**Student:** 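This structure is in structure tokens; I'll ask about it shortly.
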Protein chains: 2
Amino acid sequence: MLLRQFIKNSSNPPLTPPKEGKLPPFGRVGVGQTSNFKTMKKELNIIGKSHQKLDGKERVSGKAVYGHDIELPNMLHGSILRAKYPCAEIISIDTSKALTLEGVECIITANDVDVNNIGYKRDHPILKKGTVNCNRDEIAAVAAQTKEIADKAIQLIEVKYKIKEGVYDPFEALKETAPRINEFGKGAEQFGNKNVAEYFHYEHGNLAEQKAKSKVIVKKRYELPRVTHACMATSNITAEFNNFDGRLTLWSSTQVPFLYQRDIAHALKMEPSKIRVIQPIIGGGFGSKLDMHPFEPICVLLAKKSGKPVQILYSREEEFLASPTRQPMVIDLTTGCDENGKFTFREVEIIKDNGAYTSWGATTPFVMMQSYSSLYQVPACKFDSHAVYTNNPFAGSFRGYGNPQATFSIESNIDLMAEELGMDKREIRLINANYKGEITGQGLHFKTCGAIPALKTVIEKSNYDKIMAAPNTGRYKRGVGLGSMLHVGGGAKIYRSDGCGTTLKLDDYGYLTIVTGSNEIGQGSETVLAMIAMEELGIPKEKIKVINTDTDVKPWDVGVHASRTSFVAGNSLLGAIKLIKEKLNNKASQLLNVKTNEWEYKDGSMLFNGQEIKLDKVAREMHFASPHELCTVNYFYEPPSRFQDKDFKGDVSGNYAFASQAIEVEVDTVTGNVQVLNVHVSQDVGRVLNPIGLQGQMEGGLATGIGYALTEEMIYEKGILKNPSFHGYKMLTSTDMPDVHFYPIETYDEAGPYGSKGAGEAPLIPTAAAIANAVSNALGVRFYSLPITAEKVLRALSEKKLETRNSKQETNKI
Amino acid sequence: MLLRQFIKNSSNPPLTPPKEGKLPPFGRVGVGQTSNFKTMKKELNIIGKSHQKLDGKERVSGKAVYGHDIELPNMLHGSILRAKYPCAEIISIDTSKALTLEGVECIITANDVDVNNIGYKRDHPILKKGTVNCNRDEIAAVAAQTKEIADKAIQLIEVKYKIKEGVYDPFEALKETAPRINEFGKGAEQFGNKNVAEYFHYEHGNLAEQKAKSKVIVKKRYELPRVTHACMATSNITAEFNNFDGRLTLWSSTQVPFLYQRDIAHALKMEPSKIRVIQPIIGGGFGSKLDMHPFEPICVLLAKKSGKPVQILYSREEEFLASPTRQPMVIDLTTGCDENGKFTFREVEIIKDNGAYTSWGATTPFVMMQSYSSLYQVPACKFDSHAVYTNNPFAGSFRGYGNPQATFSIESNIDLMAEELGMDKREIRLINANYKGEITGQGLHFKTCGAIPALKTVIEKSNYDKIMAAPNTGRYKRGVGLGSMLHVGGGAKIYRSDGCGTTLKLDDYGYLTIVTGSNEIGQGSETVLAMIAMEELGIPKEKIKVINTDTDVKPWDVGVHASRTSFVAGNSLLGAIKLIKEKLNNKASQLLNVKTNEWEYKDGSMLFNGQEIKLDKVAREMHFASPHELCTVNYFYEPPSRFQDKDFKGDVSGNYAFASQAIEVEVDTVTGNVQVLNVHVSQDVGRVLNPIGLQGQMEGGLATGIGYALTEEMIYEKGILKNPSFHGYKMLTSTDMPDVHFYPIETYDEAGPYGSKGAGEAPLIPTAAAIANAVSNALGVRFYSLPITAEKVLRALSEKKLETRNSKQETNKI
């Protein structure tokens, strides 16, 4: 991994939109240019230079306190009994034997609790009775003095089932004859089919007209597998319930603490404000902690019933079985272009395997439709998505939020159209690319746009020309493939507020505390916040503390999702800094008897016109001299995004991120193994805040993206997971990683802090698409389903006689 | 204990000052009257009615988490080796054997650490080398995997001493020939004597002139014992040091977290802001946690050296041996009055046994001189106090802060002057009593003053007349005695700020979080803060949370001392409430389209002119609608007190509290036992905020006061404590408590929240004085030293033939 290359290759080409039908000038990308963004005016000392994660040393040394490390006095340990069959009727549950086991403190089943259903569609009972709908279903839970006793007690609970025939294919579930899978589903009334959990429809433009205009129309079906986050820290929660005042404290890994309060409260019929959510260090989120899952209210119910704190920790196997997944789906995508290669329309039909219950994962069409409608210029678009109940486990949200799936289909179809039209795969992308100033059919407004520079950068840096021109005979075939992506870069207006609060305290000794509503799940946002404060207030890192782990203490924030944290929390912090500077400027001016607001903040001092005063002295004078105040301010930032209208139209984010990847692969035609050699990533991040942090996001994202493309898949047979371990479920490890070449594009978007955009999800979104295109370019064989395993490659090769690459399917025009 | 009587007897007599020389009208006290204090205008719903302590149920049920309950992963346990002799030279310390004990992780001695001396005069090494000066001296400390191992390791450390002759009497220590006790003491340079640790001189008025005017002059010596706080929770600390960023987290019982940061930092050569102080529930403070003690930096040093969290918990015996005490002293008090009984002067010389090191206890003259100069009208006063090093353990601060000692001497002398003058003991007090508007010789300004009403109330309620007139023959003699006191009621300007910050957050559901700088050490201030918020914002108690335990989170405050918390934190909260109401008023007016600031807050709603809007709705509209802000405010309150000048003159507190006690005793002349039958307390509390909380302060204070008067004494022989347990050290238990009759006086001081004054220390201040006077009135024998044990009573009775009470020494004139 080429960290040194990171800054050197940072590049920023001119941002003019391409002229209709004409390929923009192509060649070496230009140097950085600044926007009008106000903080651009001055030289930056901290922002743009690498700063280690605040908690980096604690993490690598094993000193970090994760949820698993929490210990409370008298704490019990909980275990959950799950369904033995993915589809069955529960005849009886007998807990009597388990209750007699020494050390067991309490057992709960659905009959013992007064709770609400959970999940996005409120179709998910926390504890199941009557029927079980998937193998993950929670039947009973035990709290005992040790985890071993709790696990043993679970084995002693006797459940009698009547086994039923399940439905594991969403197409089967859509049939008239299929049984109704989820008794709480409202599909029959809302969408005309009892097993439809959620349905989205979107359209813009004149589809018929655009179809008529099309020279080439490609219609393909894509199949996307079920993969999981496989967080290094398994799911965990510790709950302490105060029976006196009804207050609940949770040590939780949730990504969205304030929404979580509301979700737990709804589930347990409590008041949200009575729930305090504390976040220990989190060992991986990636979207998996956006939903509240049944084990969380179950833990609270055990704590309530036992009167003691209770902790539930998943084993690794349980994590595979019962933690969320990315939503598997079948995408039928039809796209067209005219004789010049200009895109005309996209028509999409998606059937998603919703599993037995509905999570936030069902709402991924919010993001997917955005890529279909607006990734490249799309005159007309029609989008339909059905999430269909099956007896499989339910999915959840996952970094990228539907976008890797959508992008895989879009970018594959683009290659296919280029091939059919006989057009260069680079050119077709460049002439259709998004541009600055564009307002898309869905209403997204690209006030800045690095799409073209990103594309051009990876095309150049990857030596696309050379690789594609090289002879490609013999056992090992090489190819390079392209993929681009569009994602929100300034949060997403999904809730009533997408904002974040900040409180700043400068103490008597010149130390700054940043109390931010935002939270850290490993993405490095707290480090970026500290850097912003260092930059603006001239306070060294060791004098800055970020507080972000306790809902009792911190101001409101909507949580970690939609690549929003550095954007929203950064802007919130900048607003608070403006306020604290006003206070400090006034006091310093008064103390030194000058009239100015132009104080410079440097090395713990305030400077103006040759005069200097220490920051801590100003803070103390504020505190100790009349009129006596503390140097504390509050600020709340709400991004300028808007709700989409009922037709899903509107400028939903503060800004938008663009990225392209050119990935070089080598395929072993004997083993079928696909080796990723080089990944060239160019991403419009607005502005690089913390290079090393961004590099981490790139590498982490790519590891997930490559795994999605090539190796990862949860293998289910009739609702039963066959590979619940790292032996069977193949994630990339550090030694599997290819060289990553990263070229950030800085477009200085006015909305973002220092011109930056959200960057966390983008790195994995176009990866599978680019790899699939690269494999196709290497072999002349296209894969419509992921992962592209060695087995699939071999099978495909055996079915098709290989052509050499330099055939009609690919011509180097440039 | 007569809780029911509490409110019924609340009374408020007229507050006119007495005319010179004339006894004010005496009889039944009047009813309450209000001042101009602005919050008095409206009817109060919450303030003045009893509210249970917020954490009361947790405490009584055993669920409260004290420092002793803290457990951290990998935590070690520390033990301290103390000096074997109170005065010796250390020849050698050998830790080698101890280090080989399995489970011992590290040992420190003075040679291993780079630290500063601690204590008010910086004369106290954290770990001792060279010489040991008292039996409490810390020689070495061990951190081990269990407390048992640590204690065993301590036994294995071999220290060789050369025993020296110690000095245990401050008068001996003042002699030329005495050895220098503390090598860091600056007495030789500063005060002309090597063993003087601290010296205070104060005077006002023309002493010679007033002496000449005096008809009666009484000169007496009073001897005050060493007593200890005997907190139910023994001293404790848990320290966790982060070697990566140099940050320290302490779970500590300190009363003054922000000053403690500074003290720990100075001791350990750290930055104060790098220290986070978290306060678990505290099992008794009473002033003992105002100083930082050696075990606290020692614990940090062990944590630093071992790289693991370390906890030190005192055993009960260690608590007696090594926790602070009230300062023992000898007071020579000369007082005079003219022929009408009007006081003329007071002249005081005090020798305090400072022990080997100097704590905050050495500064009690700040408070003592105030009582000598200003309790009753005092035309001239001269005050000298020497704190003298001895080889006894050092004292500390203790609820009342020197005032019980001063008041005992003052009130005893008053009785003696009355006896000599043949004047009624009530009358001499009433004609000299403090009055509203008085500015004393020291500059204290009594803007309100309940001194006379308090005196008159207890005189009436105690049936003083009847008891003193009753025949007093036989084995059991009865008497009633009077004592009054003056104490700060609105904090004390000792540090550069006596203020307190508050942050208020009203969340989307209408729940309020009060983040206060002040802290709760059991005194009930957080309950009062919640009550104020309930009163002002109409929010029910279950929707209010007080956060006050973490220096990282809360705004600055000077800490718990000087009976300041409800006063200063209450005013700070009222200031913050004013700000949050401005925000809420504006938003509600905008939402309901009215122009007013006159919103009424009631039952979670805002009301104006028949319109109503829910508080949570207003908060949500603020958050979710443009311009989007959170309902959060910050406020800092600094009381209107001033520093005293170099002569100790100035109005040092926001207001002043006055109290009188009339205590009825029965003495068994056969056993010498003194039984307290009834305590009548009347105290100017400004305004009663939480009756049940105030009652608790009264009862707790009186228990300490009665113990001080009759039973408690640490018995030292040549620097060695002979009674380090509750068997030998006799505290009152609940069954020993007499009936307490409490009559609050409400003077509605403008400075205090709702007119209130600090009330926490007052209850114990005049108790010993009143009991001593009662015993004297019962027996005709006076005691000049405390405690008045049965042994002392019997000895005195054997030395003096008893007269009946109705002799010349007491005449009922009224």
Side-chain angles (χ1 to χ4, degrees), chain A residues 54-58 61 63 65 69-73 242-247 258 262 265 271-274 276 307 495-497 499 501 503 505 507-513 515 517 541-543 545 547 550 552-553 555-556 620 623-630 632-638, chain B residues 54-58 61 63 65 69-73 242-247 258 261-262 265 271-274 276 495-497 499 501 503 505 507-513 515 517 541-543 545 547 550 552-553 555-556 620 623-630 632-638:
Chain A
L54 295 188
D55 62 358
K57 286 179 180 163
E58 278 172 86
S61 67
K63 292 226 167 189
V65 174
D69 301 318
I70 303 291
E71 274 180 50
L72 301 178
N242 184 326
N243 290 300
F244 299 125
D245 59 15
R247 290 202 157 115
F258 287 97
R262 197 193 54 178
E271 291 277 300
S273 305
K274 291 213 161 187
R276 178 183 184 189
Y495 306 96
R496 288 184 68 190
S497 167
T503 294
K505 303 194 294 174
D507 76 10
D508 292 342
Y509 309 97
Y511 279 64
L512 184 77
T513 303
V515 188
K541 197 182 198 171
E542 60 271 20
K543 290 194 172 184
K545 185 178 271 193
I547 294 185
D550 186 343
D552 260 16
V553 165
W556 194 90
R620 282 198 301 274
H623 180 187
F624 295 133
S626 183
H628 298 283
E629 51 176 341
L630 297 178
T632 304
V633 297
N634 305 316
Y635 184 74
F636 185 73
Y637 170 75
E638 182 74 35
Chain B
L54 295 187
D55 62 359
K57 286 179 181 163
E58 277 172 85
S61 66
K63 292 225 168 190
V65 174
D69 301 318
I70 303 291
E71 273 180 51
L72 302 178
N242 184 327
N243 290 300
F244 299 125
D245 59 15
R247 290 203 156 115
F258 287 96
Q261 276 185 321
R262 199 193 53 178
E271 291 278 301
S273 305
K274 290 213 161 186
R276 177 183 183 188
Y495 306 94
R496 288 184 68 189
S497 168
T503 295
K505 302 193 295 173
D507 76 10
D508 293 343
Y509 309 97
Y511 279 66
L512 184 76
T513 302
V515 187
K541 197 181 199 172
E542 61 270 20
K543 290 194 172 184
K545 184 178 271 193
I547 293 185
D550 186 344
D552 260 16
V553 164
W556 194 91
R620 281 198 301 275
H623 180 186
F624 294 133
S626 183
H628 298 283
E629 51 177 341
L630 296 179
T632 303
V633 296
N634 305 316
Y635 184 75
F636 185 73
Y637 170 76
E638 183 73 35

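Every chain is numbered from 1, with letters handed out A, B, ... down the list of sequences. Predicted, not measured: the structure shown is a model, and the values here were computed from it.
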**Student:** Given a strict heavy-atom distance threshold of 4.5 Å, which part of T513(A) is in contact with chain B: side chain, backbone, both, or neither?
**Tutor:**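 Side chain of T513(A) only, per the 4.5 Å heavy-atom cut-off to chain B.
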**Student:** Can you tell which part of V553(B) gets under 4.5 Å to a heavy atom of chain A, answering side chain, backbone, both or neither?
**Tutor:**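 V553(B) touches chain A through backbone and side-chain heavy atoms alike.
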**Student:** For a quick check under 3.5 Å, do N634(B) and T632(A) share a side-chain donor-acceptor pair by atom type?
**Tutor:**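 Result is no, nothing qualifies.
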**Student:** Quick check on the interface: out of K541(B), R247(B), E542(B), E71(B), who has the most heavy-atom pairs with chain A under 4.5 Å?
**Tutor:**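 Ranked by contacts with chain A, first place is R247(B).
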**Student:** Y635(B) and E629(A): side-chain contact (heavy atoms from CB on, under 4.5 Å), yes or no, with the steps?
**Tutor:** CA-CA 7 Å; Y635(B) 184 75; E629(A) 51 176 341; over 6 Å; no
**Student:** Please find out if less than 6.0 Å separates the ring center of H623(A) from that of F636(B).
**Tutor:**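 Ring centres of F636(B) and H623(A) closer than 6.0 Å.
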**Student:** Do E271(A) and Y511(B) pair up side chain to side chain, a donor and an acceptor below 3.5 Å, judged on atom types alone?
**Tutor:**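 E271(A) vs Y511(B): donor-acceptor pair found between side chains.
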**Student:** Can you say whether K505(A) sits under 4.5 Å from chain B via the side chain, the backbone, both, or neither, judging by heavy atoms?
**Tutor:**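 The answer is the side chain of K505(A).
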**Student:** Looking only at heavy atoms and a cut-off of under 4.5 Å, which of P272(B), G501(B), G246(B) has the most pairs with chain A?
**Tutor:**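 Highest number of pairs under 4.5 Å: P272(B).
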**Student:** With a 4.5 Å limit on heavy-atom distance, are the side chains of L512(A) and K543(A) in contact?
**Tutor:**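 Sidechains of K543(A) and L512(A): no contact.
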**Student:** With side chains defined as the heavy atoms from C-beta onward, is the minimum distance between D508(A) and F258(B) less than 4.5 Å?
**Tutor:**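 Contact flag for D508(A)/F258(B) side chains = no.
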**Student:** Heavy atoms, side chains only, cut-off 4.5 Å: are Y637(B) and H628(A) in contact?
**Tutor:**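 Heavy-atom side-chain distance check fails, nothing below 4.5 Å.
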**Student:** For chain A, find which of K274(B), R620(B), E638(B) contributes the most heavy-atom pairs closer than 4.5 angstrom.
**Tutor:**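 Highest number of pairs under 4.5 Å: E638(B).
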**Student:** If I measure from the heavy atoms of chain B, does D552(A) come under 4.5 Å with its side chain, its backbone, both, or neither?
**Tutor:**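 Interface part for D552(A): both.
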**Student:** Examine whether an atom of N242(B) lies under 4.5 Å from a heavy atom of chain A, and if so say whether it belongs to the side chain, the backbone or both; otherwise answer neither.
**Tutor:**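 For N242(B), the contact with chain A is made by the side chain alone.
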**Student:** Measuring heavy-atom distances to chain B, does N243(A) have an atom under 4.5 Å in its side chain, in its backbone, in both, or in neither?
**Tutor:**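 Side chain of N243(A) only, per the 4.5 Å heavy-atom cut-off to chain B.
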**Student:** What part of V65(A) lies closer than 4.5 angstrom to a heavy atom of chain B: side chain, backbone, both or neither?
**Tutor:**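 For V65(A), no heavy atom lies under 4.5 Å from chain B.
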**Student:** If every non-hydrogen atom of G499(B) is compared with every non-hydrogen atom of W556(B), which pair is closest and at what distance?
**Tutor:**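 Heavy atoms of G499(B) and W556(B) come nearest at O-CZ3, 3.8 Å.
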**Student:** Heavy-atom distance under 4.5 Å to chain A: side chain of L630(B), backbone, both or neither?
**Tutor:**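 L630(B) touches chain A through backbone and side-chain heavy atoms alike.
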